[in-house]
Amino acid sequence: VSQRLTAQFVDEMVAEEHAVLSFDSDLGGSDVATRSSSMAVLRRDPATASTGRRLGHRVEPARDWEPRLDELWTRARPEGVGSVVRDARYAVQWIAAHPWRRFHSFLILPRFGGSAVAWLVLSCEDGICRWVDVLADPRHPKALALATRLSAGVAKQFSARSEEVVLAGNSEMIETLLRAGFHRVEDRQIELSAVGLEVPPALALTAADLGHRYREGEPVP
């Protein structure tokens, strides 16, 4: 699934409780199949969050060109769902080179070792610290727990009143966030329509998929 494809329906996803995404196929079929899934919006008051011990992991600022994301993606990409590829090229094009937003990008690694086990991108604006993007190896749940502590610390540094996470297609990550003190404030229903495919692909989405508004390399007003 391309980043440009998900960007096409950002306005509907953000503005409406019910959004529609259509897929076309050249397989020659004409039937339309649909699938609905939920997108969770989670929030937390950073003042209530723990920013204590690092649980056997360490944090590094991510570089603009971050080749360690390539290996992380092969290990952490969601099973059984479609997703934008989170690799070094993606990080440069959609995070480091964003034309108007400042992002805080971090890698989480084992205390001893050089292979990243999680990647977290934050944006703190208007009193809200948002999880713009997140990628975590499911075999390292403590890395995601550290990400929740890291985000709380960044939120407090920027005097944010709340943290916000938007996720779809990753129920395990949502459950981890709920255990870390986030609470669900709403669900939005996503309807996928596919022409010529028996079943439309399920999608794993983050706020990055909903927030990039590009047309031929330029921000959409």
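These numbers were taken from a predicted model, which means no experiment stands behind them.
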Once you round to the nearest 0.5 Å, how far does CZ of Arg102 lie from CG of Leu122? 11.5 Å

Report the C-alpha separation of Val132 and Phe103 in whole Å, then their side-chain angles, then the decisive distance to 0.1 Å, and conclude whether the side-chain contact (heavy atoms from CB on, under 4.5 Å) test is met. CA-CA 8 Å; Val132 176; Phe103 296 122; 3.6 Å; yes

Is there side-chain contact between Trp131 and Val166, with heavy atoms separated by less than 4.5 Å? no

In the structure I gave you, are the side-chain heavy atoms of Asp187 and Val41 within less than 4.5 Å of one another anywhere? no

Heavy-atom check, side chain of Arg130 versus side chain of Glu163, under 4.5 Å: no

Is there a path of hydrophobic side-chain contacts, each under 4.5 Å between heavy atoms, that joins Val84 and Val81? no

Between Asp45 and Ser162, is a side-chain contact (heavy atoms from CB on, under 4.5 Å) present by the stated rule, with each step listed? CA-CA 5 Å; Asp45 179 354; Ser162 65; 5.9 Å; no

Kindly say whether Arg63 contributes a backbone atom to a donor-acceptor pair with the side chain of Glu66 at under 3.5 angstrom? yes

Side chain Arg58, main chain Pro110, donor-acceptor under 3.5 Å: yes

When you look at Thr206 and Asp133, which way does the side-chain hydrogen bond (donor to acceptor under 3.5 Å, both in side chains) test go after all the steps? CA-CA 6 Å; Thr206 69; Asp133 219 337; 3.0 Å; yes

Identify the heavy atoms of Val154 and Cys129 that sit nearest to each other, and give their distance. CG1-SG, 4.3 Å

For Glu60, does the CD atom sit with more than 12 other heavy atoms under 6.0 Å from it, leaving out its own atoms? yes

Counting only N and O atoms by type, is there a donor-acceptor contact under 3.5 Å from the side chain of Arg77 to the main-chain atoms of Leu135? no

Hey, does Leu109 have a side-chain heavy atom less than 4.5 Å from the side chain of Ser115? no

Are any of the side-chain nitrogens in Glu186 or Arg184 under 4.0 Å away from the carboxylate oxygens of its partner? no

Just so I know, are the side chains of Ser83 and Trp73 near enough to count as touching, which here means a heavy-atom distance under 4.5 Å? yes

If you define the side chain from C-beta out and look only at heavy atoms, does anything of Leu107 sit under 4.5 Å from Leu69? yes

Kindly give the heavy-atom pair with the smallest separation between Ala152 and Pro46, and that separation in Å. O-CB, 4.1 Å

Taking C-beta and beyond as the side chain, do Thr176 and Ile174 meet within less than 4.5 Å on heavy atoms? no

Please confirm whether the backbone N or O of Thr148 pairs with a side-chain atom of Arg44, one donor and one acceptor, at under 3.5 Å? yes

Please report the interatomic distance CG(Leu167) to CG(Leu177), rounded to the nearest 0.5 Å. 6.5 Å

Show your working on side-chain contact (heavy atoms from CB on, under 4.5 Å) between Phe182 and Glu164 and close with a plain yes or no. CA-CA 8 Å; Phe182 286 84; Glu164 181 181 87; over 6 Å; no

Please name the pair of heavy atoms, one in Leu120 and one in Ala147, separated by the smallest distance, quoted to 0.1 Å. CD2-O, 3.7 Å

The reported gap from CD in Gln157 to SG in Cys124 (rounded to nearest 0.5 angstrom) is 8.0 Å

Does a salt bridge link Arg86 with Asp209, judged by any charged N lying under 4.0 Å from a carboxylate O? yes

Side chains of Val134 and Leu144: does their closest heavy-atom pair fall under 4.5 Å? yes

What class does the angle between the rings of Trp119 and Tyr90 fall in, given that below 30° is parallel, 30 to 60° is tilted and above 60° is perpendicular? perpendicular

Closer than 4.0 angstrom, basic N to acidic O: yes or no for Arg89 and Asp87? no

Assigning hydrophobic clusters by single linkage (Ile, Leu, Val, Met, Phe, Trp, Tyr; side-chain heavy-atom cutoff under 4.5 Å), is Phe106 placed with Trp65? no

Show the numbers, then the answer: is there a side-chain contact (heavy atoms from CB on, under 4.5 Å) between Lys142 and His57? CA-CA 8 Å; Lys142 291 183 179 180; His57 292 78; 3.8 Å; yes

Using the rule that Ile, Leu, Val, Met, Phe, Trp and Tyr join whenever any side-chain heavy atoms are under 4.5 Å apart, tell me whether Ile128 and Leu150 fall into a single cluster. no

Return the CD to CG distance between Glu175 and Asn170, rounded to the nearest 0.5 Å. 10.5 Å

